[in-house]
**Student:** 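Sharing a structure with you now.
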Amino acid sequence: MKYLSSLILVLFFVGCSTATKKVEPTPIKPVVKVEKKIQVVDCKVHPENIIRFECYEEKANAGDPIAQSWLGYYFSSGKIVPKNKALGIEWFEKAANAGDYYSQREVAIIYLKDKNYAKAFTYFEKAANQDDAVAQRELAYLYDKGTGVKRDVNKAFFYFKKAAFQNDTFAQNELGYYYKKGWSVPKDYKQAAYWYGKTADKGNDYGEAELGYLYSKGYGVEKNYNIAYKLFTDSAQKGNKYAMSWLGYFNEKGIVVEKNYETAKMWYEKSASTYSKKRLAILKNKGLI
C-alpha cells in the first residue's frame, strides 16, 4: 500500500510536468501597403517638363526666388510654356529684387536689348556688386560708352578688371586695349601683351590679332615676326579682318614669307578694311597686281 501511494504520487507529478501548455498563437498583422512619398526639395528631379514647371510655379508663388528665376527663364525662352516676355520680366524682377544675381543679370540683358538703359544699368550694377563676371563686364561697357550713365572710363576699367580676373575673355581683351591706349591707366604695352596673351591662349581671334601686332612692333615684348605671323594666321583663319590685313602686308613686303603680291592681294581683298583698300590701290597703281 505504501508503494502504491508513492507510485500514484510519482505519476501525478510526471503528468503535470509533461502536460502540453496551451500557447496562444501570435496574431498576424494585416499588411498595409504604404505609398512612399518623395519630398521634393529640387524641382529639377521631375522627369516631366510640365510637372517640373508646376513645381517651380508653386514654389515661386510661395516666394522662392530661385523658383521665380526659373519661371523667368521658362517664360523668356519659351521652354515648356509659350514664350511670354512680359511674364519673363515679371518673374525675373521678383527674383532680382529678392537678391538673386542671376535674375538681376538676365533681366538687365533684356532691358539692354530693349534699349531701356536706365533699368539695364540698375540691375547690372546689382549683379556686378555680387561678383557676377558677365554683369561686371556689361556694366563696364555702359560706363565705357556712356550708355544709360555718364561716361566714366575709370569705372569702366574698374569693372573690366574685376571681370577679367574672373577669366572673362571680353573683359580681358578690353583690359588689354585700355593698357595699349593708356585709357584710365598709363600706357603699358607689357600689361597689354599680358592680357591679350590670356585670350590668345584661349584661341580668341581678337587677342591673337592684337598680340600679333605687339610682336610685329616689339611693343611690350621682344619683336618677333615669326610669332606675329603665326598669331595673325591663326586669327585670320577665324575670320579676323585686322589679322587678314596684316597677312596681306607681310606677303606684300616679304616679311617671314617670300614676297607674293597675289597672296597679298587675296588677303587684302578678304580683309576689305580701309587700310587694305589703300594697299590694294597702291599695288594696282604700281602695276604689281
Side-chain angles (χ1 to χ4, degrees), residues 65-66 69-70 72-73 76-77 92 95-96 99-113 120-145 147-149 151-215 219-221 224 227-228 230-243:
I66 301 300
S69 182
W70 273 105
Y73 166 73
S76 295
S77 63
F92 269 142
D100 182 68
Y101 74 89
Y102 172 81
S103 299
Q104 291 166 348
R105 179 228 298 169
E106 291 304 303
V107 77
I109 290 173
I110 293 173
Y111 280 128
L112 184 64
K113 289 178 180 177
F121 175 85
T122 297
Y123 285 109
F124 275 138
E125 187 177 44
K126 287 177 183 292
N129 290 335
Q130 291 199 72
D131 283 333
D132 181 77
V134 173
Q136 288 169 343
R137 175 235 298 164
E138 292 302 320
L139 185 63
Y141 278 129
L142 293 180
Y143 275 119
D144 178 79
K145 297 171 184 175
T147 307
V149 65
R151 188 167 188 262
D152 190 329
V153 293
N154 293 318
K155 285 186 178 179
F157 179 83
F158 173 79
Y159 282 109
F160 277 138
K161 190 173 183 179
K162 274 183 168 290
F165 274 101
Q166 292 197 70
N167 206 35
D168 184 270
T169 302
F170 295 101
Q172 289 172 337
N173 277 333
E174 291 299 331
L175 219 55
Y177 190 78
Y178 266 57
Y179 278 116
K180 175 185 170 185
K181 293 295 185 180
W183 288 0
S184 178
V185 289
K187 188 178 288 187
D188 190 332
Y189 288 121
K190 284 187 178 180
Q191 280 294 313
Y194 172 80
W195 289 109
Y196 285 139
K198 287 274 189 184
T199 68
D201 287 343
K202 291 185 276 188
N204 179 265
D205 66 284
Y206 181 86
E208 289 170 338
E210 288 295 332
L211 189 60
Y213 165 78
L214 295 179
Y215 270 107
Y219 293 161
V221 290
N224 190 315
I227 293 176
K230 183 182 185 308
L231 286 165
F232 286 140
T233 301
D234 291 344
S235 180
Q237 287 173 348
K238 297 182 180 82
N240 189 284
K241 305 294 185 182
Y242 180 66

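Keep in mind the model is a prediction, meaning the values are calculated, not measured. All values below were derived from every heavy atom in this structure, side-chain atoms included, with hydrogens, water molecules and symmetry-related copies excluded.
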**Student:** Measure from the side-chain N and O atoms of Ser76 to the backbone N and O of Gly72, and report whether any donor-acceptor pair falls under 3.5 Å.
**Tutor:**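 Yes.
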**Student:** Determine whether more than 12 heavy atoms belonging to other residues, nucleotides or ligands lie under 6.0 Å from atom NZ of Lys180.
**Tutor:**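 Enclosed.
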**Student:** Backbone N or O of Asp144 within a donor-acceptor pair of the Arg151 side chain at under 3.5 Å?
**Tutor:**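 Yes, the answer is positive, given that a donor and an acceptor are paired below the 3.5 Å cut-off.
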**Student:** Quick one: salt bridge (Lys or Arg N to Asp or Glu O under 4.0 Å) pairs with a partner in residues 184-200, sequence neighbours left out?
**Tutor:**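 Pairs touching residues 184-200 that pass the test: none.
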**Student:** Over all heavy atoms of both residues, which pair between Ala209 and Ala243 is shortest? Give the atoms and the distance, please.
**Tutor:**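 Closest pair (atom of Ala209, atom of Ala243, distance): CB-CB, 4.1 Å.
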**Student:** Is a side-chain N or O of Asp132 found less than 3.5 angstrom from the main chain of Ala128, in a donor-acceptor match?
**Tutor:**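 Looks like no, no N/O pair under 3.5 Å.
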**Student:** Could you tell me which non-hydrogen atom of Asn173 sits nearest to which non-hydrogen atom of Gly207, and how far apart they are?
**Tutor:**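 Taking every non-hydrogen atom into account, OD1-CA, 3.7 Å.
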**Student:** Please step through side chain to side chain contact (heavy atoms under 4.5 Å, CB included) for the pair Tyr219 and Tyr213, ending with a clear verdict.
**Tutor:** CA-CA 8 Å; Tyr219 293 161; Tyr213 165 78; 3.4 Å; yes
**Student:** If I take atom CG from residue Leu175 and atom CZ from residue Arg137, how far apart are they, to the nearest 0.5 angstrom?
**Tutor:**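 Reported value, rounded in 0.5 Å steps: 13.5 Å.
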**Student:** Under the rule for ring-ring contact (aromatic ring centres under 6.0 Å, His included), what residues qualify as partners of Phe158, not counting sequence neighbours?
**Tutor:**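 For Phe158 there are no ring-ring contact (aromatic ring centres under 6.0 Å, His included) partners, ignoring immediate neighbours.
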**Student:** Could you list the residues that satisfy side chain to side chain contact (heavy atoms under 4.5 Å, CB included) with Ile227, not counting sequence neighbours?
**Tutor:**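 Side chain to side chain contact (heavy atoms under 4.5 Å, CB included) list for Ile227, sorted by chain: Tyr215, Asn224, Leu231.
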**Student:** Mind checking what makes ring-ring contact (aromatic ring centres under 6.0 Å, His included) contact with Tyr194, not counting sequence neighbours?
**Tutor:**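 ring-ring contact (aromatic ring centres under 6.0 Å, His included) check on Tyr194 returns nothing, list empty.
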**Student:** Identify the heavy atoms of Asp100 and Ile66 that sit nearest to each other, and give their distance.
**Tutor:**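 Smallest heavy-atom distance, with atoms named: OD1-CD1, 3.7 Å.
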**Student:** Test of understanding: with side chain to side chain contact (heavy atoms under 4.5 Å, CB included), list the residues that count as partners of Ala120, not counting sequence neighbours.
**Tutor:**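 Here the qualifying residues are Tyr111, Leu112, Phe124.
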**Student:** Run the ring pair (Phe, Tyr, Trp, His ring centres under 6.0 Å) test on Phe160 and Trp183 for me, step by step, so that the C-alpha distance in whole Å, both residues' side-chain angles and the decisive distance to 0.1 Å come before the verdict.
**Tutor:** CA-CA 12 Å; Phe160 277 138; Trp183 288 0; over 10 Å; no
**Student:** Please name the pair of heavy atoms, one in Tyr179 and one in Pro186, separated by the smallest distance, quoted to 0.1 Å.
**Tutor:**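 Answer, listing the atom of Tyr179 first, then Pro186: CD2-O, 4.2 Å.
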**Student:** How would you list, by chain and number, every residue that makes a ring-ring contact (aromatic ring centres under 6.0 Å, His included) with Tyr73, sequence neighbours excluded?
**Tutor:**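 Partners of Tyr73 under the ring-ring contact (aromatic ring centres under 6.0 Å, His included) test: Trp70.
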**Student:** Less than 4.5 Å apart, any side-chain heavy atom of Phe157 and any of Val185?
**Tutor:**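 Result yes, sub-4.5 Å side-chain heavy-atom pair found.
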**Student:** Once rounded to the nearest 0.5 Å, what's the spacing between atom OG1 of Thr147 and atom CG of Leu142?
**Tutor:**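 One finds 6.0 Å between OG1 of Thr147 and CG of Leu142.
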**Student:** Is the Tyr143 ring parallel, tilted or perpendicular to the Tyr159 ring (thresholds 30°, 60°)?
**Tutor:**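 Tyr143 and Tyr159: parallel rings.
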**Student:** Main chain of Asp205, side chain of Ser235: is a donor-acceptor contact present, judged purely on distance under 3.5 Å?
**Tutor:**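 Looks like yes, one N/O pair under 3.5 Å.
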**Student:** Which atom pair, heavy atoms only, marks the closest approach of Ala200 to Leu211?
**Tutor:**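 Taking every non-hydrogen atom into account, CB-CD2, 4.1 Å.
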**Student:** Determine whether more than 12 heavy atoms belonging to other residues, nucleotides or ligands lie under 6.0 Å from atom CZ of Phe170.
**Tutor:**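 No.
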**Student:** Kindly compute the distance separating CD (Glu174) from CG (Asp168), expressed to the nearest 0.5 Å.
**Tutor:**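 The CD atom of Glu174 sits 10.0 Å away from the CG atom of Asp168.
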**Student:** Would you find a donor on one side and an acceptor on the other, under 3.5 Å apart, between the side chain of Gln166 and the backbone of Asp131?
**Tutor:**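 The answer is yes, because a donor-acceptor pair under 3.5 Å joins these two groups.
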**Student:** Does Gln130 use its side chain to pair, donor to acceptor, with the backbone of Gly99 at less than 3.5 Å?
**Tutor:**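 Present.
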**Student:** Which atom pair, heavy atoms only, marks the closest approach of Gly176 to Ala192?
**Tutor:**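 Smallest heavy-atom distance, with atoms named: O-CB, 3.4 Å.
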**Student:** Any salt bridge between Asp234 and Lys238, counting N to O under 4.0 Å?
**Tutor:**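 Answer for the salt bridge query: no.
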**Student:** Could you tell me whether a side-chain N or O of Gln172 sits under 3.5 Å from a main-chain N or O of Trp195, the two making a donor and an acceptor?
**Tutor:**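 No, the answer is negative, given that no donor and acceptor are paired below the 3.5 Å cut-off.
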**Student:** Does the side chain of Asn204 pick up a donor-acceptor pair with the side chain of Thr169 at under 3.5 Å?
**Tutor:**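 Looking only at side-chain atoms, Thr169 and Asn204 do not form any donor-acceptor pair under 3.5 Å.
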**Student:** Which value, rounded to the nearest 0.5 Å, describes the distance between Ile110 atom CD1 and Arg105 atom CZ?
**Tutor:**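 The CZ atom of Arg105 is 12.0 Å from CD1 of Ile110, to the nearest 0.5 Å.
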**Student:** Quick check on the 6.0 Å ring-centre criterion: do Tyr189 and Tyr196 meet it?
**Tutor:**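 They do not qualify: ring centres at least 6.0 Å apart.
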**Student:** At what distance, to the nearest 0.5 angstrom, does CD of Glu106 lie from OH of Tyr101?
**Tutor:**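 Between Glu106 CD and Tyr101 OH, I get 10.5 Å after rounding to 0.5 Å.
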